[in-house]
Each structure stands twice: as structure tokens, then as C-alpha cells.
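Residues: numbered from 1 along the sequence shown. In listed order, ligands and their atoms are each counted from 1.
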Amino acid sequence: MCAIVCLMSMSCAMASDSCVGIKGAYWPSDSSFPPSAIDTTLFTHIYYAFLNPNNVTFKFDVDDLTAKLLRGFTSTLRSKNPPAKTLFSVGGASAGGSVFARMASTAATRKSFIHSSIHVARKFGFDGIDLDWEMPQNPEEMEHFGVLLGEWRVEIKKEALRNRRPQLLLAAATYFSVDFFLDKVYRAYPVAAINENLDWINAMCYDYHGSWDTSATGAQAALFDPKSNISSSYGLGKWIEAGLLRSKLIMGLALYGRTWKLKDASLQGIGAPAVDAGPGRGALTFNEIEAFNMEKNATVVYDAATVSVYSVAGTSWIGYDDPRSISVKVKYARTLKLRGYFFWAVNGDHEWRISKQAKQTWDYYQR
Ligand SMILES: *[C@@H]1O[C@H](CO)[C@@H](O)[C@H](O)[C@H]1NC(C)=O
Ligand SMILES: *[C@@H]1O[C@H](CO)[C@@H](O)[C@H](O)[C@H]1NC(C)=O
Ligand SMILES: *[C@@H]1O[C@H](CO)[C@@H](O)[C@H](O)[C@H]1NC(C)=O
């Protein structure tokens with residue numbers, strides 16, 4: 001009997017909550033693209049990026065202007081047809097990691113942060129909170145990250161019981177792999193604490209190559225890399241191998257590309273010699289890339305080995321994803337039985353060409 005029940009609850013036959021696909025996207029709050037322009041037929045969850053705590057008290061000080069933005073964001077997305085769920089995302093690359101390292105290191109500071117985050121989520125009508133700590137630097141910080149998640153979930157459960165509401169969602173954006181195998185200081189995420197306390201993680205399967213290495217072009221979000229382990233297939237595989245539940249793993253997709261200036265216009269493949277960052281000082285959104293390609297009559301090449309696309313015009317080289325490469329990646333996520341995918345960031349795809357392709361591919365393989 002138990003065997004049957006357990007089996008059923010692990011399969012998607014019952015369309016239980018843990019089986020519903022997540023189609024997420026981050027909305028950068030400094031973008032000129034309004035939340036009202038988001039096509040919610042294409043996304044289930046939209047992340048407000050970013051809201052950060054005071055670096056001394058670890059509480060969220062929300063000024064009037066931000067309060068207005070937060071309320072506008074949640075009420076707009078809730079009233080769309082269909083409504084999208086909203087989370088606010090804490091952290092991000094520009095916030096750095098040290099504020100979270102300090103916050104997570106003592107019980108008192110964790111408590112301040114946790115209480116304030118729950119208060120803000122309810123006050124402004126969010127469905128959940130997403131922690132984008134970039135990045136825990138050593139094994140001790142990883143341990144504190146795990147402790148934080150446990151205490152956070154306890155408080156979320158208490159609040160839900162107290163107010164008779166569904167629990168807030170709790171998610172985190174993470175490195176593409178479960179471990180930082182490329183760094184001098186080896187460390188790995190606390191997988192057991194993640195399985196127990198988070199609804200899911202958003203694995204950032206991009207930024208593998210960029211203007212921090214101008215010596216050669218690269219596929220910044222390669223699904224496969226024949227020459228190294230810096231690829232989404234490797235990173236996602238490591239998460240699963242380490243025991244992360246597949247129902248908690250979400251694959252990151254980029255609505256932007258990275259650019260280089262070629263050393264020699266006639267040498268133009270992936271890994272070609274480069275001398276500098278290219279157009280957009282190293283990064284362009286998918287919209288901008290499409291406009292650039294058109295204006296410069298760029299040559300566009302699909303690279304099946306990495307599942308990525310690049311365009312070349314003179315010495316300008318851009319590595320990115322288009323609807324075709326995204327479709328292969330989403331199919332791959334389906335094959336791995338992941339929970340879903342998310343995009344950074346929603347303002348990069350004004351005409352929804354990539355977002356539509358991703359949804360179609362995901363829904364097709366659901367059958
Ligand atoms: C905290 O933030 C303030 C203002 O943004 C900054 O001046 C200060 O250096 C930060 N302190 C730490 C310890 O990061
Ligand atoms: C990739 O990682 C595996 C272990 O997971 C290791 O055996 C292999 O040597 C690595 N390959 C490269 C090219 O670093
Ligand atoms: C665009 O490039 C192609 C070759 O890639 C060339 O045949 C064509 O003439 C070019 N068009 C313009 C308007 O430059």
C-alpha cells in the first residue's frame with residue numbers, strides 16, 4: 001500500500017504541486033520595461049530583481065518610491081490573465097556576497113533578516129522570496145547558508161499557520177554546478193538543507209565565458225563543451241549526482257549574449273582569438289543582438305556541438321541563444337526531468353520569440 005502511495009506521489013500522474021512546471025523570469029527593477037508589458041501566458045513566476053537588506057541591521061528598509069514599485073509589481077502581475085506568481089529576489093551580482101556571509105554567520109542576524117523578509121513579502125503581496133547570494137566563498141559560508149535555509153523555513157511555516165495562509169515560496173539562485181570545482185577554495189552547496197527547505201533552486205547556467213577573458217570567444221551558456229566541464233549538462237548533472245531532487249532543479253536560460261572583438265576577422269569560430277570586449281561593452285540583450293545582426297548584415301551560425309549561436313560582422317563577435325538553441329535546451333531539461341526553466345532577464349525578449357519557443361517545447365514534451 002505504502003509503496004503504491006509513495007510511487008504515485010513521486011510521479012507526475014496526479015499533477016501534484018511538485019510536478020507543475022515552473023516557467024520563471026527575472027524582472028530587473030531598473031529596466032524601462034514595465035511589468036504590465038510581461039506576457040503572463042508565457043511565465044508562471046516573475047522575480048523582482050533586486051531588493052536588498054541594510055548591510056548593518058540586515059533588515060529591509062523600503063523607501064516610499066520602492067514601496068510603490070513593489071506594490072505596482074505584485075498587483076499588476078496578480079491581476080493579469082492568467083496571473084503570475086511573484087517573488088522578490090534578494091542579492092544579485094552587484095550586491096556581492098559579503099553582506100550575506102555576515103548575516104548568515106550568527107543566529108541573531110539570521111533572525112533579523114528572516115523576520116524582515118517575511119514581513120516585506122506579506123506587506124507587499126509577494127508569493128515568495130528568492131535568495132541570490134553570489135556567492136558563498138568557502139565551506140563555512142556554505143554551512144551557514146544551510147542553517148539559514150532551515151531557520152527560514154521554520155519561520156515561514158509558523159507564519160503560514162498563524163495567519164492561515166499558504167506558506168511563502170522560498171527559492172535560491174545558485175551557481176551552475178553543485179560545487180565550485182574551478183576555484184582555489186573548493187566548496188559545495190548543502191544539498192540536504194536545500195531538499196528539505198527550498199521549493200526549488202534556479203541554477204545560473206550562463207556566464208561561462210565573457211569579457212573577463214578577452215583572449216578568446218566563447219559560448220557563454222554552452223549546453224555541452226567537448227573541451228571542458230564548464231557547461232550546463234555538466235553542472236546540472238553534478239547537482240543530480242549530489243542528490244538534489246529533480247523536482248527542485250530549474251535550468252537557467254539567458255536572454256542576452258556576450259560579445260568580443262576578434263583579433264582576425266577571418267578566424268571566427270567558438271574559441272577564436274580575440275583582443276577585447278565587443279559591442280555593448282561585452283554584453284547585449286537578445287533584442288539588441290537581433291537589431292545589431294540586421295543593421296550589420298551579420299553572419300549567424302548555429303553551433304550544434306555547444307548548442308549555441310554566434311553572429312559575426314567584421315571583427316564583432318556575439319555568442320548567444322536563439323529560439324532554436326533554447327528549444328534544444330528546454331528539451332534537455334525535460335529529458336532530465338527537471339522542474340522547469342527560468343530566464344535572466346524578461347526585458348531581453350520584447351517580441352517573446354524565445355519565451356514562446358521555450359514554452360511550446362516544454363509543454364510539448366509534457367505529453
Ligand atoms: C554598507 O553600506 C554602506 C552604504 O551603502 C557602505 O558605505 C558601507 O561600506 C557598507 N558596509 C559594509 C560593511 O559593507
Ligand atoms: C570533468 O570532471 C570529471 C569529474 O567529474 C573529471 O574526471 C574530468 O577530468 C573533468 N574534465 C575536464 C576536461 O576537466
Ligand atoms: C549581406 O551579407 C551577405 C553574405 O553574408 C551578402 O551576400 C549580401 O550582399 C549582404 N547584404 C548587404 C546589404 O550588405
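- The shortest N or O to N or O distance between Tyr234 and ligand 2 is below 3.5 Å.
- At most 12 heavy atoms of other shown residues, nucleotides or ligands fall within 6.0 angstrom of atom NZ in Lys59.
- Short contacts between ligand 1 and Arg102, defined as distances under 4.0 Å to a heavy atom of the residue, involve ligand atoms 12 (C), 13 (C), 14 (O).
- The ligand atoms of ligand 2 that sit less than 4.0 angstrom from a heavy atom of Asn229 are 1 (C), 2 (O), 3 (C), 8 (C), 10 (C), 11 (N), 12 (C), 14 (O).
- Polar contact with ligand 2: absent for Ser228 (N/O pair, distance under 3.5 Å).
- Residue contact annotation: Phe181 has no non-hydrogen atom under 4.0 Å from ligand 2.
- In this structure, Phe343 has its ring center no closer than 6.0 Å to that of Tyr206.
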Distances under 3.5 Å, N/O of ligand 3 against N/O of the protein: list each pair and its distance.
unit_1	atom_1	unit_2	atom_2	d
ligand 3	2 (O)	Asn297	ND2	2.4
ligand 3	11 (N)	Asn297	ND2	2.7
ligand 3	14 (O)	Asn297	ND2	3.1

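- Under the 6.0 Å distance and 45° angle rule, Arg187 counts as a cation-pi partner of Phe180.
- Side chains of Val90 and Ser117 form no contact here, defined as non-hydrogen atoms less than 4.5 Å apart.
- With sequence neighbours excluded, the residues forming a salt bridge (Lys or Arg N to Asp or Glu O under 4.0 Å) with Lys359 are Asp363, listed by chain and number.
- A salt bridge does not link Arg165 with Glu159: every distance from a Lys NZ or Arg NE/NH1/NH2 to an Asp or Glu carboxylate oxygen is 4.0 Å or more.
- Residues Tyr341 and Trp362 have side chains in contact (heavy-atom distance under 4.5 Å, counting atoms from C-beta outward).
- You'll find the side chain of Ile194 reaches within 4.5 Å of the side chain of Trp239, heavy atoms only.
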